[in-house]
Amino acid sequence: MPHDDKNAARRYPPVGAEDDLPPFDLPQVPGTGVQGAEGSASPVQRASISERARAAALPPYLTGLNPEQREAVEALDGPVLVLAGAGTGKTRVLTTRIAHILATGRAYGSQILAVTFTNKAAREMKHRIGGLVGGAVEAMPWLGTFHSIGVKILRRHAELVDLKSGFTILDTDDQLRLLKQVIEAEGLDKDRWPARQLAGLIDGWKNRGLTPSKVPPGEGFAFGNGKGAALYAAYQKRLKELNAADFGDLLLETLRLFMEHPDVLADYHRRFRYILVDEYQDTNVVQYLWLRLIAQGSPNICCVGDDDQSIYGWRGAEVDNILRFEKDFPGARIIRLERNYRSTGNILAAASGLIAQNKGRLGKTLFTDGETGDKVTVMGVWDDEEEARSVVREIEEQGKAGQRLNGIAILVRASFQMRAFEDRFVTTGIPYRVIGGPRFYERAEVKDALAYLGVTLNPANDLKFERIVNVPKRGLGDTSVERIHALARARDIPLFRAAREIVETEELGGKARKSLRDLVTAFERWRSLIDTMKHTELAELILDESGYTAHWQNDKSPQAQSRLENLKELVRFMHEFETLEAFLEHVSLVMDTEQGDDGERVSLMTLHAAKGLEFDTVFLPGWEEGLFPHQRALDESGEKGLEEERRLAYVGLTRARRQAKVSFAQNRRTRGLYQSALPSRFVDDLPEANVEVLETKSPFGGAYQNFGNPFEGGFGRGGYGKSRFDNAEPRFGATYDTPGWQRAQSYEKTKSRDENWSRDAEQRRRSAMRPTITIEGELIASSAAAGAGYAVGTRVRHQKFGLGTVTDVDGNKLTIEFDRAGRKRVVDSFVTPA
DNA sequence: CGAGGACAGATTTTT
DNA sequence: TCTGTCCTCG
């Protein structure tokens, strides 16, 4: 992660420091110059001469924009909402707009506030702005995530919100540990009132901008015998005592700071001339309030988003924010980007038809000048296994036909669906990657290591100390820890100091006393080395001396190896930072490791994780009622939930450049039970004209259909539930109404498409020559590199299944008896010799 | 302390 | 059905 503000986060320069930075060295637009030095008044009005001159000599970054994009880039004055549909060049507009502000000399980089939701997006923006203006991105200190900008502001004014500038940022584990303590301190049963639930509540409140005193009485009441809000207050108090903030605080406390200290707010008003917000549809209440406060200083706020892609309502996002933009910012200009550069006509039409069923949209109509392309296919299959088999079979065929695997993705609604696909990939030997899921920094071993480093740096970090005091096991059980706690409480000192003192007493048993003394001594020694030893070496030393490395080396579980790898990766990653402190600061906010290009692989991920990505071919399995839309979304959020699910379907479809393939299973194994399911209503939402219904292809030919294919005789017949294909009144004027006809037609389509396949070869070759799509996100699992031949009896290791013994070899297919996972058939490239 | 059994819970996930 | 967590027992 090359460009994050690792340094900026370490020093806490006073407000105004960067204003002295020199302006970008940019090719100046004719007739303009860098105007308005620091602190000067409103942007200088351009003379019409310069306007004309500028139009005559279009700066290079403006060429290639379509009229709407260009309008969005050039509308610098006043509030602007850019409604950017999927694949319409949203990021391009945002980055070009920034380049434009800089190039026209309207503001310095340090006077632009640009917020994103994810580090990935921030990184991408920095990268692309760098490309446009030539690497001067270091001078954009206020481009970052809401959270990272929040921290930056809070560090500067920490005392005003009862913190000290060096406050630590709690991760989820720390937060839970602390909440558990708070719950117990209130005399509540921690089993009856799980910390997780309280964490959820508090998060929700913080997302809505509610401090403890503002929590609506009814809401706090549901938890802990009516003590919900009190627990929240107690938690906040503890946070201050620990000089710590959780993620929610990074926003909420900044908001409080602004509201309680208008002079501070005014500073930022003066500072920010231009405000840009990415993914506005995902903002929650705090973020919204935060932005509104800051925007009081400048009308030049530009929010970019797509109400149709709002899929994070469940974690506090308010679509309303984007729907309400015009009211919030009177005189706002609304610019719609509707020209899609990604998908074929059929895919776009199908997606548009689907999303049109939602109410309460701002409304956009995507179009493309590109080819019509293949229709979206819909396929019903017998069950989830059959679905995985047929999808993977098709991927195999496409792969053989020369389609790049990096251009193929399977997008599922819930992660348990991935399993069936992974199994098929493993048995067929098709390389795949899983994107999303638990992140690097969330892994236990990484957190443990970070805890060691954190305590070394800051012995007052109680939560981290508690995390590793007995990891690896060193005989310091609950009793010992509780005694340390008691002393710490009694004397009002950090745990570490209490530990140091308690070993001088007789309070602990001999064994515990010795290991605690050793631990304390070790930490003190490590601490003494901080200034003299290189931080990466120190980290290695700590991990070795603490016994942590050995702990995993001695661990026999299949994951032990990869955990050790992760530790190495962590240390490797530290090299990019100057100091231990800088590293830890960065890590608490950002910890996605960039994934290198690891060759051609099919991508497997959830629909949520797919937002922002694109693929040539997208498989969308599991379109069944109850799964997608998910039952819980319907139960908990009713119509709103349904619409969000539909937007998720829309996001899924619009990831596809050339082919979108929907499927659903009539039966699915869920929680052990084999249950029948109805096709998703979203299948019915697709416009007939852009859909092609596929026959279930089966390796068993007709015989298979005889015993199981529910589509014998067509959709919906035979008691498998109603489908739109039964509808007496086809909504889009379909020209068929009998299942037989429909089947025949789809067969024809399939055939002619296959024939077109070779004719399209040229086209495909061209698309294959497009630059490889970058798949950002985190690689969680993937097949291993190619393996060699294995003999029966060989001990091997599999990434997922662990150790096992080869019992049969058939070409490159091995039958392996796994110690833990039982017998599996696996392609040899997925295992390594043990 | 560690192993093994009982038990609940099983969408989506960033920071 | 599977997983992760908690609790008990040796």
Candidate nucleotides B:dT12, B:dT15, B:dG2, ranked by approach to the side chain of A:His608 - the nearest: B:dT12
Nucleotide B:dC7, atom P - distance to CZ of A:Arg192 in whole Å: 20 Å
Sugar-phosphate only, base, or nothing, as touched by A:Leu476 at under 4.0 Å among non-hydrogen atoms: sugar-phosphate
Sugar-phosphate, base or nothing in reach of A:Asp249, heavy atoms under 4.0 Å: nothing
Spacing between A:Gln631 atom CD and B:dT12 atom P, to the nearest angstrom: 16 Å
Integer-rounded Å distance: B:dT15 P and A:Gln175 CD: 15 Å
For A:Glu643, all residues meeting side-chain hydrogen bond (donor to acceptor under 3.5 Å, both in side chains), sequence neighbours excluded: none
Lys/Arg-Asp/Glu bridge criterion (N-O < 4.0 Å) met for A:Arg646, A:Asp685: yes
Protein-nucleotide distance (A:Ile435, atom CD1; B:dT12, atom P), rounded to Å: 16 Å
A:Ile435/A:Arg433 under side chain to side chain contact (heavy atoms under 4.5 Å, CB included): CA gap, chis, key distance, verdict: CA-CA 6 Å; A:Ile435 290 174; A:Arg433 57 165 75 80; 3.8 Å; yes
N/O (side chain, A:Asn284) to phosphate O (OP1/OP2, B:dT14) under 4.0 Å: no
Side-chain N or O of A:Asn119 closer than 4.0 Å to phosphate OP1/OP2 of B:dT15: yes
Check nucleotides 4-8 of chain C against the protein and report each pair of N or O atoms closer than 3.5 Å, with its distance, or say if there are none.
{"unit_1": "C:dC7", "atom_1": "OP1", "unit_2": "A:Asp191", "atom_2": "OD2", "d": "3.4"}

Ring pair (Phe, Tyr, Trp, His ring centres under 6.0 Å) assessment of A:Tyr268 paired with A:Phe258: CA-CA 9 Å; A:Tyr268 290 95; A:Phe258 285 161; 5.7 Å; yes
Distance below 4.0 Å between A:Thr606 side-chain N/O and B:dT13 OP1 or OP2: yes
B:dT13 and C:dC2, which share atom name P, separated by this distance in whole Å: 22 Å
Listed partners of A:Lys611 passing salt bridge (Lys or Arg N to Asp or Glu O under 4.0 Å), at least two apart: A:Glu279, A:Asp282
Lys/Arg N to Asp/Glu carboxylate O, A:Lys206 vs A:Asp246, below 4.0 Å: yes
For atom CD of A:Gln197 and atom C1' of B:dA8, their distance in whole Å: 14 Å
Sugar-phosphate only, base, or nothing, as touched by A:Gly248 at under 4.0 Å among non-hydrogen atoms: nothing
Ion pair check, A:Glu624 and A:Arg668, cut-off under 4.0 Å: yes
Whole angstrom value for the distance that separates C1' of B:dT15 from CZ of A:Phe247: 4 Å
Pairing of A:Glu422 and A:Arg419 as salt bridge, 4.0 angstrom limit: no
Pairs: protein N or O with nucleotides 9-11 of chain B N or O, under 3.5 Å:
{"unit_1": "B:dT11", "atom_1": "O4'", "unit_2": "A:His630", "atom_2": "NE2", "d": "3.3"}

Counterpart residues, side-chain hydrogen bond (donor to acceptor under 3.5 Å, both in side chains), relative to A:Thr283 (two or more places apart): A:Asn321
Which residues share a side-chain hydrogen bond (donor to acceptor under 3.5 Å, both in side chains) with A:Thr549, sequence neighbours left out: A:Asp544
Gap between atoms OH and P, on A:Tyr312 and B:dT12 respectively (whole Å): 11 Å
Interatomic distance where NZ belongs to A:Lys120 and C1' belongs to B:dT13 [whole Å]: 12 Å
